[in-house]
Amino acid sequence: MEAPHNRLKGDDCDRDWIWEREIETATADDVFRLASAAWDRQFRRLREASPFYARKFRDAGLGSSFVGLADLANLPFTTKDELKAAIDEDPPFGTNLCVEPNLVKRIYQTSGTSGSPSVLALTRADMENWTVMGTRTYYATGIHEHSSVLTTFGAGPFVAGHTHFVLIRIGSRSVPVAPGDTDRVLFGLRSGLADTLLATASFAQYLANKLEGTDPDPGAMPLTHIVTGGEAGGGIPAIRDHIEKVLGVTVTEVMGIGDIAPSLFGECAHQQGMHFCGTGHVWPQLIDLETRAPMEIESGAVGELVYTSLTREAMPVVRFLSGDIVRIEGTSCSCERKTFRMRCIGRRDDMFIVRGVNVYPTAILSVVGEFRPRVTGRARVVREGKDVSVTSPVPIEVEVPDGSSSDGRLAGQIAEAIHTRLTFRCQVTLVPEADFGESGYKTKLTRLAT
């Protein structure tokens with residue numbers, strides 16, 4: 001949908017559509033100067049206050065030398081496993097806590113899917129900076145003070161709950177609903193409590209599928225805007241177009257990462273990728289997927305995002321490997337923001353290689369979604385083990401509406417389309433909705449064979 005005057009359709013408020021215009025429209029030179037000054041202070045703090053980074057820098061042979069922002073690539077990467085080990089070494093906050101424990105005023109936890117949860121500690125300043133970045137992010141999507149927002153992001157213990165502080169800062173009406181509570185979501189939307197929905201792409205897709213089959217006019221709800229986050233998908237044309245068509249809405253995306261900030265990227269009404277919204281607080285880098293060498297952030301570049309905390313007090317990180325594989329869509333926009341735009345095309349953890357070709361499950365979703373309404377749009381790769389290299393034919397499970405799994409030709413047609421578009425052979429199994437698994441929150445794009 002075309003964005004009139006840089007706003008969502010129907011938005012005629014008289015406020016600027018950019019929350020912090022001076023920051024979000026700053027030149028690259030001004031952004032670097034701002035970030036460089038913050039990094040100089042942060043680097044010195046890390047050496048003095050973080051036993052974790054003091055040791056890490058010493059092991060890297062840095063000695064007493066100073067490393068400026070322009071030479072950040074000379075510093076070692078940080079992994080999630082290292083941060084987890086730092087917490088295990090000195091619980092509950094770990095050897096990377098850079099403030100006195102009494103200054104920690106908010107604590108989030110990770111999901112702990114691969115072990116015990118990790119904690120994410122915040123000072124008052126950290127909380128404020130997360131709120132600032134989140135406000136830029138959600139304001140960029142078109143959520144303004146006149147918006148009424150039904151959010152399915154839980155208030156805790158996960159970092160997505162920080163979105164509630166962001167909505168308060170923007171001044172919009174907030175309608176909290178628990179993740180996956182479809183009945184309450186539908187009640188809120190049908191009764192006119194909200195015109196905007198915050199949800200994962202999986203849940204938005206599920207909602208569109210459900211209403212398409214049961215509601216004679218699902219687009220008649222007062223809902224006009226859906227913001228997806230928490231997983232890739234909202235920017236995939238086959239998913240986005242279906243949600244917009246069925247529900248009569250505009251879909252925009254947000255993205256963040258718990259170890260850095262829950263909200264770092266927000267897509268404006270032009271729907272050309274998510275703008276970086278962490279200027280001044282986080283320094284992003286792009287690295288090559290194979291060599292991990294630095295890459296220019298320029299249109300068309302594909303790589304992994306790496307983040308460095310510039311202002312984080314409690315638990316700052318340096319060159320954190322995010323695992324998010326992105327494609328840079330541009331470095332400017334008609335909305336007048338000058339921050340780069342990107343699409344997340346997958347997670348490094350989900351990527352696999354077939355005959356030397358990198359494959360991301362999100363690309364499979366793009367193909368599968370074209371077979372609606374015979375499919376729901378959800379699919380996953382079945383992995384025999386954790387090896388990155390996979391032998392064809394690759395097992396893929398595709399969710400279909402209950403009662404339709406007897407379509408004998410469909411599996412072959414999907415397999416042929418995947419081979420044509422993605423150049424690898426697969427074995428497609430059709431799985432009814434009742435057996436595929438929960439669709440109320442995130443959808444795992446891979447599963448290990450049992």
Side-chain angles (χ1 to χ4, degrees), residues 78-81 83-84 86-87 92-94 96-99 103-141 143 149 151-170 174 176-180 198-203 227-234 253-266 274 276-278 281-282 284 305-317 320-324 344 347 349 441-442:
T78 303
T79 68
K80 197 172 188 69
D81 287 344
L83 295 177
K84 180 66 169 62
I87 291 174
F93 300 119
N96 190 37
L97 183 67
C98 295
V99 297
L103 295 179
V104 173
K105 299 303 180 183
R106 191 166 186 84
I107 299 170
Y108 291 105
Q109 299 175 39
T110 63
S111 60
T113 52
S114 58
S116 59
S118 295
V119 299
L120 300 165
L122 298 154
T123 65
R124 292 187 188 279
D126 293 336
M127 292 169 63
E128 170 62 18
N129 291 337
W130 273 22
T131 302
V132 166
M133 289 184 280
T135 303
R136 294 177 192 165
T137 297
Y138 282 91
Y139 203 79
T141 71
I143 293 177
V149 185
T151 172
T152 62
F153 299 156
F158 308 131
V159 298
H162 204 86
T163 305
H164 295 283
F165 292 101
V166 170
L167 297 178
I168 291 171
R169 179 65 55 85
I170 291 175
S174 180
V177 175
L198 304 188
T200 61
S202 292
F203 184 71
V227 180
T228 66
E231 63 180 3
E253 275 192 299
V254 294
M255 193 182 91
I257 184 167
D259 294 277
I260 309 299
S263 305
L264 279 171
F265 294 89
M274 292 177 278
F276 177 64
C277 296
H281 300 290
V282 175
L305 281 172
V306 173
Y307 299 110
T308 296
S309 305
L310 299 175
T311 59
R312 182 87 170 268
E313 292 183 338
M315 288 181 166
V317 295
F320 178 77
L321 291 166
S322 71
D324 290 321
C344 184
R347 291 278 306 164
D349 293 345
Y441 197 48
K442 297 183 183 182

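- For Ile107, the side chain to side chain contact (heavy atoms under 4.5 Å, CB included) test picks out Phe93, Val104, Val119, with sequence neighbours left out.
- Note that CG of Leu103 is 8.0 Å distant from CD of Glu313, once rounded to the nearest 0.5 Å.
- A distance of 11.0 Å separates OG1 in Thr141 from CD in Glu253, rounded to the nearest 0.5 Å.
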Q.
Would Leu305 and Phe265 count as a side chain to side chain contact (heavy atoms under 4.5 Å, CB included) here? Give the steps.
A. CA-CA 12 Å; Leu305 281 172; Phe265 294 89; 3.9 Å; yes
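- In this structure, the side chains of Val306 and Leu321 come closer than 4.5 Å at one or more pairs of heavy atoms.
- Here the straight-line distance linking atom NE2 of His281 with atom CD1 of Ile260 works out to 14.0 Å at 0.5 Å rounding.
- Trp130 contributes no side-chain N or O that, together with a main-chain N or O of Thr163, makes up a donor-acceptor pair within less than 3.5 Å.
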Q) Would Ser309 and Val317 satisfy side chain to side chain contact (heavy atoms under 4.5 Å, CB included), going step by step from the backbone distance to the final call? A) CA-CA 5 Å; Ser309 305; Val317 295; 3.5 Å; yes
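- With sequence neighbours excluded, the residues satisfying side chain to side chain contact (heavy atoms under 4.5 Å, CB included) with Arg169 are Trp19, Glu128, Thr131, Val132, Thr135.
- Checked against salt bridge (Lys or Arg N to Asp or Glu O under 4.0 Å), Asp349 has the following partners two or more places apart in sequence or in another chain: Arg347.
- When all heavy atoms of Gly278 and Met133 are compared, the pair lying nearest together is CA-SD, 3.7 Å.
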Q: Apply the test side chain to side chain contact (heavy atoms under 4.5 Å, CB included) to residues Val166 and Thr137: give CA-CA distance (whole Å), side-chain angles for both, the deciding distance (0.1 Å), then the verdict.
A: CA-CA 9 Å; Val166 170; Thr137 297; over 6 Å; no
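- In this structure the side chain of Ile170 never reaches within 4.5 angstrom of the side chain of Val149, judged on heavy atoms.
- In plain terms, the two heavy atoms of Gly234 and Ala201 that are nearest each other are N-CB, 3.6 Å.
- Of all heavy-atom pairs spanning Ser174 and Leu167, the tightest one is OG-CD1, 3.8 Å.
- Arg106 places no side-chain N or O within donor-acceptor distance of the main-chain N or O of Leu122, the cut-off being under 3.5 Å.
- Looking at Asp126, its side chain does come within 3.5 Å of a backbone N or O of Ala314 through a donor-acceptor pair.
- Rounding to the nearest 0.5 angstrom, the gap separating the CE atom in Met255 from the CZ atom in Phe276 is 10.0 Å.
- Atoms OG1 and OH, from Thr78 and Tyr307 in turn, are 14.5 Å apart once rounded to the nearest 0.5 Å.
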Q) side chain to side chain contact (heavy atoms under 4.5 Å, CB included) between Ser263 and His162: does it pass, once the steps are laid out? A) CA-CA 9 Å; Ser263 305; His162 204 86; over 6 Å; no
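- Of all the heavy atoms in Ala140 and Gly266, the pair that sits closest is CB-O, 4.1 Å.
- No side-chain heavy atom of Arg312 sits under 4.5 Å from any side-chain heavy atom of Asn129.
- Between the side chain of Thr228 and the main chain of Ala199, no donor-acceptor pair closer than 3.5 Å is present.
- Remark: Thr79 OG1 to Asp259 CG distance equals 10.0 Å, nearest 0.5 Å.
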